[in-house]
Structure formats: C-alpha cells, structure tokens
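Note sheet for the following structure.
Computed from a predicted structure; not experimentally measured. Here is the naming used below: chain letters follow the sequence lines, and residue numbers restart at 1 for every chain.
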There are 2 protein chains.
Amino acid sequence: MTTIVDVARTAGVSAATVSRVLNGNSRVDPQLVATVERVVKDLGYRPNRVARSLRLRHNRVWALVISDVRTGPFFADVVRGVEDGAYEAGYPMFLCNADEDPSKEAIYLQLALAENVAGVILTPSGPSTDLGPLVDAGIHVVLADRRLPGSQADSVVTDNVGGARQAVDHLLANGYRRIACIAGPPRVTTGSDRLSGYRLALEEAGRKVNPSLVRSGDFREPGGRRAMEELLEQRPRPDAVFICNNRMAAGALQVIEEAGLALPDDIAVVGFDEIVWAPLLRTGLTTVGQPAYDLGHESARLLLSRIQGYSGSARTVLLPTTLNIRASSAPRSGPLKATAGPRPTGLPLRGAGPGRRATRSRRSGGGG
Amino acid sequence: MTTIVDVARTAGVSAATVSRVLNGNSRVDPQLVATVERVVKDLGYRPNRVARSLRLRHNRVWALVISDVRTGPFFADVVRGVEDGAYEAGYPMFLCNADEDPSKEAIYLQLALAENVAGVILTPSGPSTDLGPLVDAGIHVVLADRRLPGSQADSVVTDNVGGARQAVDHLLANGYRRIACIAGPPRVTTGSDRLSGYRLALEEAGRKVNPSLVRSGDFREPGGRRAMEELLEQRPRPDAVFICNNRMAAGALQVIEEAGLALPDDIAVVGFDEIVWAPLLRTGLTTVGQPAYDLGHESARLLLSRIQGYSGSARTVLLPTTLNIRASSAPRSGPLKATAGPRPTGLPLRGAGPGRRATRSRRSGGGG
DNA sequence: CTGTTAGCGCATTCAG
DNA sequence: CTGAATGCGCTAACAG
C-alpha cells in the first residue's frame with residue numbers, strides 16, 4: 001500500500017505538501033503541484049479514507065436505515081433514489097435493513113454513531129425510535145417515508161392520508177358501499193395515516209366505519225392473505241376493499257382468486273403502491289401510486305443541505321400520490337342494497353372496461 | 001464524544017486495559033473487568049470504528065457492487081440475501097449501484113480500495129471489469145450472478161444455460177415452432193448464457209436458430225418493448241417468445257396486449273425471473289425462477305469463508321432454476337404449419353387452463 | 001496481569 | 001510558500 005509519505009519521498013517534498021495539493025485548499029508552488037500530481041499518478045496513490053476520516057473527525061458516508069429492500073418495488077426505488085443522491089454528492093452509503101425490528105434498528109443506529117457517519121436517512125420502525133444519541137453527536141437525520149411524531153428531524157413522506165382518502169372516495173363514487181380496509185401496522189405512520197384516510201373518506205360521505213371491515217396486516221403477503229380470508233367470511237360480504245400496500249394486495253388477490261370471485265363484480269379492489277404489472281393483471285388493478293424514487297432522492301437532498309450547513313427548523317416535504325384507475329374498481333353493477341346513509345346517487349353501470357387506464361393526480365395536504 | 005481514554009481515566013486504569021476488556025482477547029483481572037464494564041456503560045462509551053480500522057489496518061465492512069437495486073425483484077432479493085449474511089457476520093455493507101456502467105463500477109471499486117473493505121461482492125458490468133487492484137490489495141472478491149471469464153474469484157451464479165434450455169424445451173414440447181428470444185446484453189454472462197441455453201435447446205431438437213427471431217434488449221422495460229415490436233413485425237410471426245428477464249417481459253407483454261394478441265394462442269411466452277404477480281396476470285406467466293435471495297446469501301457465505309482464512313482455489317456455486325409453468329405457455333392449439341425439422345408429434349390440444357400452476361424443478365449442469 | 005510507548009495514514013497547526 | 005511536529009482514537013508491542 002502506498003501512502004502519502006511514499007508520494008512525498010519520491011516527489012522530494014514533505015507529506016504536508018502532498019496533502020495540500022491533494023486537497024487544494026492552500027497555495028502551493030505550481031511547479032511542485034505538477035511534480036506531486038505526476039508522482040501520485042505514477043504510484044497509483046489513493047488516499048486512505050479511513051485515516052482521513054479519523055483525522056478530520058467526520059466520515060464521508062451516509063447510512064440508510066430502512067425496513068427491507070425487498071418490500072415490493074417500493075423500498076428498492078427509495079433506496080435507488082437515495083443512492084443516486086448520495087453518489088452525486090460523493091458519499092457512499094451503508095445499507096441497513098432494520099426489518100421492522102426496533103432492536104435491529106437500534107444496532108444500526110449505533111453503527112452510524114460508531115462510524116461517525118455524516119448523516120442518516122431513516123424509516124423509523126415505530127414511535128419509540130430514539131434519535132437522541134445521533135442528534136447529540138451532531139449526526140444529521142432525515143426521516144423518509146414515515147413520520148416520527150415528536151422528533152425535530154426533516155422528513156419526506158407521501159400524502160398517505162390524501163392518497164387513501166382519494167382511493168376510498170373513488171370507490172364510493174363508483175357505487176361501492178361495504179368498503180373494507182386491509183390496513184398496515186398501526187405503529188408506523190404509513191399504516192395509521194392510510195387508515196385515517198380511509199376513515200375520513202367514509203365519515204365525510206356520512207357513513208360510519210364498520211370495525212369488522214377493518215383488518216390490520218403487517219405489510220407482507222401472508223398478512224394480506226389472512227386479512228382477506230377473514231373479510232370474505234363476513235356476512236354480508238364487503239363489496240370492495242382498500243389494501244394499504246402492494247405486498248398485502250398480492251396475498252389478498254390470491255385469496256380472492258382462489259375463492260373464485262371476480263373483480264370488480266364480486267369485490268372491487270384498490271391497492272397502495274403502483275407496480276409495473278398492475279395493468280397486466282387478470283383484472284387491471286387500481287392503485288395509489290407513490291413517487292418512491294423521488295422520496296428517496298428528496299431525502300438525500302435534505303440531508304445534503306443539512307450537511308452543507310443549513311440549520312433552519314425541521315422541514316417536511318409532502319409528496320403527492322397518483323390514483324391509477326383500472327378495471328378492478330370499475331363502477332358497480334347490479335342492485336344497490338342501500339345499506340345506510342344518503343347518496344343513492346345515479347350511478348353509471350359498468351363503464352370502464354379493462355382498456356381504461358385513466359390517471360388522475362391530486363396534490364393534497366392533510367399528511368398530519 | 002467519549003473516547004477510550006475517558007473511560008480509562010474514570011475507571012482508574014490505562015487505555016490498554018480498557019481495550020483489552022473490550023476485545024476480550026487477553027487475561028484481565030476480573031475485578032478490573034467489572035469496573036471497566038460499568039464505566040463503559042455509565043459513560044455510554046462506543047468504540048470509534050474508524051480509529052479501530054486505521055489501527056487494525058483492515059475495515060470491518062463489505063461493499064456490494066451491483067447493477068441496480070431496482071431491477072425487478074431480482075437484485076433487491078440478492079441484496080437482501082447479502083445483507084442478511086453480512087449482518088449475521090457482523091459486517092455493515094456499502095451498497096453501490098454500478099448501473100451497468102463500467103466507469104461507475106470502477107469508481108466504486110476504488111472506493112472499496114480506499115476504504116480498505118474486508119471484501120467485495122460484485123456483479124461485473126462486463127468482461128473488462130478489473131479485479132487486479134483489489135486482489136493485489138488482499139481484498140477478497142466474490143462474483144455474484146454473473147461470471148467474469150478469466151478471473152480467479154469465487155462465484156455464485158444460477159444455472160442460466162440450463163434454465164433457458166429448459167424453458168425452450170418446454171415450449172418445443174408444447175408444440176411451438178417459431179420460438180423467438182429477447183436476449184439480454186451480450187457483454188454480461190447472464191445475457192450470453194441464457195441465449196446459449198436457447199440456442200442449445202433448439203439445436204438439440206434438430207432445429208436451426210433463426211437470427212431474425214433473436215433480439216437483444218438491455219434488461220429493461222423499453223428494451224423489451226422495442227424487441228417485441230420488432231418481433232411482431234416478422235412474417236410469419238413467431239408463435240412463442242422466450243424473454244430473458246422480467247423487466248423486459250413486462251415491456252413485451254404490454255406490446256402484446258396493445259397489439260390485441262392473446263396468450264398463448266397468438267403467442268406463447270416464458271419469462272426469466274419469478275415474480276409474485278405472475279399467477280395473477282391476465283394469462284398466468286410461465287417463468288424460470290431463480291433463487292435470488294440464496295444467491296446473495298451464498299455469496300456472503302463464500303466471502304466470509306475467505307475473510308476467515310480459507311485459501312483454496314476458486315469455487316463456483318451453481319444454483320438451480322425452477323420452471324414455473326402457467327397458462328402463457330400452454331400446449332399449442334391450432335394447425336401446425338410444419339415450418340422445418342421433424343417432430344410433428346401428436347400434441348394435446350390446449351390442456352392447461354389458467355388454474356394450472358404446476359411447478360417442476362430441475363438441477364442441471366452446463367453453466368459454462 | 002498491567003501500564004507505557006509507539007504508530008496506523010492523514011491534515012493541520014506552527015515555525016521558518 | 002514549505003517542512004517538521006502533533007495528534008485524531010485505537011490496539012499491539014514491550015517492559016515491568
């Protein structure tokens with residue numbers, strides 16, 4: 001391994017001079033600069049980042065602590081957004097899968113501390129995530145995807161309440177009345193916010209929330225399966241279901257198919273998170289799309305601005321969702337058993353075929 | 001920030017002693033051990049990993065250099081497999097998206113060098129990837145997913161040749177005769193190996209490869225679209241297509257749908273990479289599944305064994321693929337225009353409906 | 001068993 | 001403008 005002193009020796013200068021030309025923040029005789037640069041090249045010298053970090057007392061690295069890269073395409077896209085931002089800014093990035101496990105998350109946050117990273121982008125595993133030690137150590141933190149009530153960190157989230165509300169509004173408008181919800185885990189804000197949106201939409205429409213139509217999954221396929229199985233046992237059966245993420249949707253759709261039910265006639269479905277395959281499904285799946293890549297990239301941008309010295313109060317970036325309407329939520333056909341509430345409005349009979357692929361976008365507050 | 005000397009001082013011992021109790025590789029008076037451990041706890045002392053790495057002259061970190069986390073579920077699963085292995089072994093991991101770009105890959109490999117990482121798991125961007133500097137520096141390298149002909153590194157790959165051959169065999173057996181191929185980029189072995197498998201299957205069946213039925217994409221959706229558009233212009237049209245990864249399959253399926261063609265009657269399809277949504281597609285998609293997570297995890301295992309001192313010659317782990325048969329490749333119906341070759345065998349008429357979901361597994365050599 | 005000493009590779013004083 | 005000296009926080013020699 002060739003060090004800075006090797007370069008200094010063969011260039012006939014001191015290590016300090018080499019350091020100066022390498023970092024270019026000090027005046028050095030152009031002649032020496034040339035010599036040093038040539039020697040650096042000849043010897044293939046690469047500064048040792050570990051030594052540099054020790055000396056500088058800060059480490060040019062970020063840590064990204066998320067739940068799981070595998071979670072549908074969503075987190076993978078977020079990761080890529082962050083990685084691009086980190087790369088552009090010249091920071092490598094630790095990838096840490098906390099896996100919804102607070103203790104694993106804690107271990108990774110301690111790592112961030114021990115590595116003295118420049119910043120952390122974090123998807124908190126729950127409300128008890130403790131940012132204190134990081135903040136005390138002067139390590140910048142940006143929350144991505146999930147809020148952490150009570151914390152003072154910058155955060156970037158999608159409009160979960162608005163997106164969910166829009167989805168349920170859409171189902172109501174299309175004539176569905178017993179709308180179920182497969183919600184996420186309540187301890188994370190993506191879980192609770194989407195459920196809030198569902199509730200809000202129903203309440204605003206003057207209908208009350210039927211607790212037996214709300215099931216809570218864990219954002220994974222088996223949870224979606226279980227929840228859907230339970231919902232299908234309800235009598236009367238729900239005529240629609242809003243599913244709060246794509247992995248649960250995959251599980252739920254399998255159950256629906258195995259039960260021999262058809263979308264949307266037997267049951268309408270709207271999922272959360274857009275997927276490439278949505279239009280290619282047996283019945284095109286209506287989804288609430290999130291700008292996952294942007295979410296990651298925006299988090300990176302906020303982190304970078306903090307690292308570069310911005311010290312205003314905590315910023316919250318709210319990203320809009322998109323409702324991608326497909327056949328799985330087409331207007332209801334058949335008789336309406338006016339279950340409750342008003343609004344037996346004139347409803348179009350089965351308008352949208354599988355070919356319909358309208359996309360509406362809406363920017364909305366209310367992220368809470 | 002509290003350092004080892006702070007601990008030493010308040011415990012009334014030397015820094016060396018603190019270091020010894022922390023690393024536990026030397027005998028220390030139990031009484032002192034207790035004192036030190038309590039002080040460590042009281043002060044919330046966390047050893048500085050950067051300083052430790054500098055002193056030890058090796059960094060307890062891995063670098064994972066892959067093409068793109070977002071590439072379908074495949075790389076995300078690989079990443080997770082690696083991450084789990086790294087976590088279990090107590091190593092954090094840099095995530096580096098080389099993005100099929102040799103120069104970006106080179107930058108990340110230099111980073112690995114400058115960070116003096118303990119090991120690198122790499123999906124080479126092409127044949128010119130240079131492992132030399134890493135090897136010279138004593139940094140262990142494991143190749144994952146793609147081979148690097150000429151290198152001496154351990155590698156973990158799936159049986160791309162065998163998987164592709166099996167897919168095409170399956171299409172042949174089901175009566176398809178003009179079987180097209182949307183191949184990956186030839187500079188990576190996953191691209192070339194799958195194409196080889198396609199060729200082998202045809203040749204073994206005594207049919208020759210029609211170059212106008214082979215298109216090469218870039219493993220992404222737009223490439224799949226373009227390739228499929230070109231293939232559909234061929235006259236006579238191909239009656240089946242083998243698509244070498246899932247993102248290209250998504251693009252290709254959209255084109256097929258837009259053209260108003262039905263699977264498998266107008267054209268049969270087999271894709272590479274299993275996806276959760278495959279059984280839920282309009283026509284269930286037959287896929288060649290790869291054990292992506294295992295691939296990552298196995299790579300981690302090989303890397304760890306090297307780090308722990310194993311120094312035998314290069315190992316190659318070949319992982320089996322699985323053919324997941326669904327409706328998109330159901331036995332051909334309709335007349336056979338005996339295009340060429342023998343084998344106008346008696347073929348069953350449209351056996352498998354959408355409900356069929358048989359799965360065959362086959363272990364096979366020939367990874368080349 | 002424990003403390004003292006030395007240095008990992010680098011950037012930054014402080015003199016010159 | 002440049003070089004010598006200093007120390008980031010830690011562990012490994014070496015004495016004691």
Review point. Can you tell me if Asp84(B) and Tyr293(B) form a side-chain donor-acceptor pair at under 3.5 Å?
Key: yes

Which atom pairs, donor and acceptor, lie under 3.5 Å between side-chain atoms of residues 300-314 of chain A and protein residues at least two apart or in another chain?
residue, atom, partner, partner atom, Å
Arg301(A), NE, Glu298(A), OE1, 3.3
Arg301(A), NE, Glu298(A), OE2, 3.3
Arg301(A), NH2, Glu298(A), OE2, 2.7
Ser305(A), OG, Leu302(A), O, 2.9
Ser305(A), OG, Arg315(A), NH1, 3.0
Ser305(A), OG, Arg315(A), NH2, 2.8
Arg306(A), NE, Asp154(A), OD2, 2.7
Arg306(A), NH1, Gly312(A), O, 2.8
Arg306(A), NH2, Asp154(A), OD1, 2.8
Arg306(A), NH2, Asp154(A), OD2, 3.4
Arg306(A), NH2, Gly312(A), O, 3.1
Arg306(A), NH2, Ser313(A), O, 3.2

Point to revise | N/O (side chain, Ser14(A)) to phosphate O (OP1/OP2, dA4(D)) under 4.0 Å | key: no

Review point. Below 4.0 angstrom, N of the basic side chain to O of the carboxylate: do Arg220(B) and Asp218(B) qualify?
Key: no

**Study point:** Ionic contact status for Arg146(A) with Glu100(A), cut-off 4.0 Å
**Key:** yes

Review point. Nearest-Å distance, CZ (Arg49(A)) to C1' (dC10(C))?
Key: 13 Å

Review point. So, are Asp6(B) and Arg9(B) salt-bridged, with charged N and O less than 4.0 Å apart?
Key: yes

Practice item. Just say parallel, tilted or perpendicular for the rings of Phe94(A) and Phe94(B), cut-offs at 30° and 60°. Key: parallel

Check your understanding: Just wondering, do Leu122(B) and Leu134(B) contact through their side chains at under 4.5 Å, heavy atoms?
Key -> no

Check your understanding: Below 4.5 Å, heavy atoms only, C-beta onward: do Leu318(B) and Val157(B) meet side chain to side chain?
Key -> yes

Revision key, fill the gap. To the nearest angstrom, the CD-P distance between Glu115(B) and dC10(C) comes to 13 Å

Review point. Base, sugar-phosphate alone, or nothing: which one does Val13(B) contact when heavy atoms must sit under 4.0 Å apart?
Key: sugar-phosphate

Within the sub-3.5 Å range, which N or O atoms of nucleotides 5-9 of chain C have a protein N or O partner, and how far apart are they?
residue, atom, partner, partner atom, Å
dG7(C), N2, Arg55(B), NE, 3.4
dG7(C), N2, Arg55(B), NH1, 3.2
dC8(C), O2, Arg55(B), N, 3.3
dG9(C), OP1, Arg57(B), NH2, 2.6
dG9(C), N2, Ala51(A), O, 3.4

Exercise for review: Mind running a 4.0 Å heavy-atom check of residues 20-41 of chain B against DNA chain D and sending the residues that fall below it, in number order?
Suggested key: Arg20(B), Asn23(B)

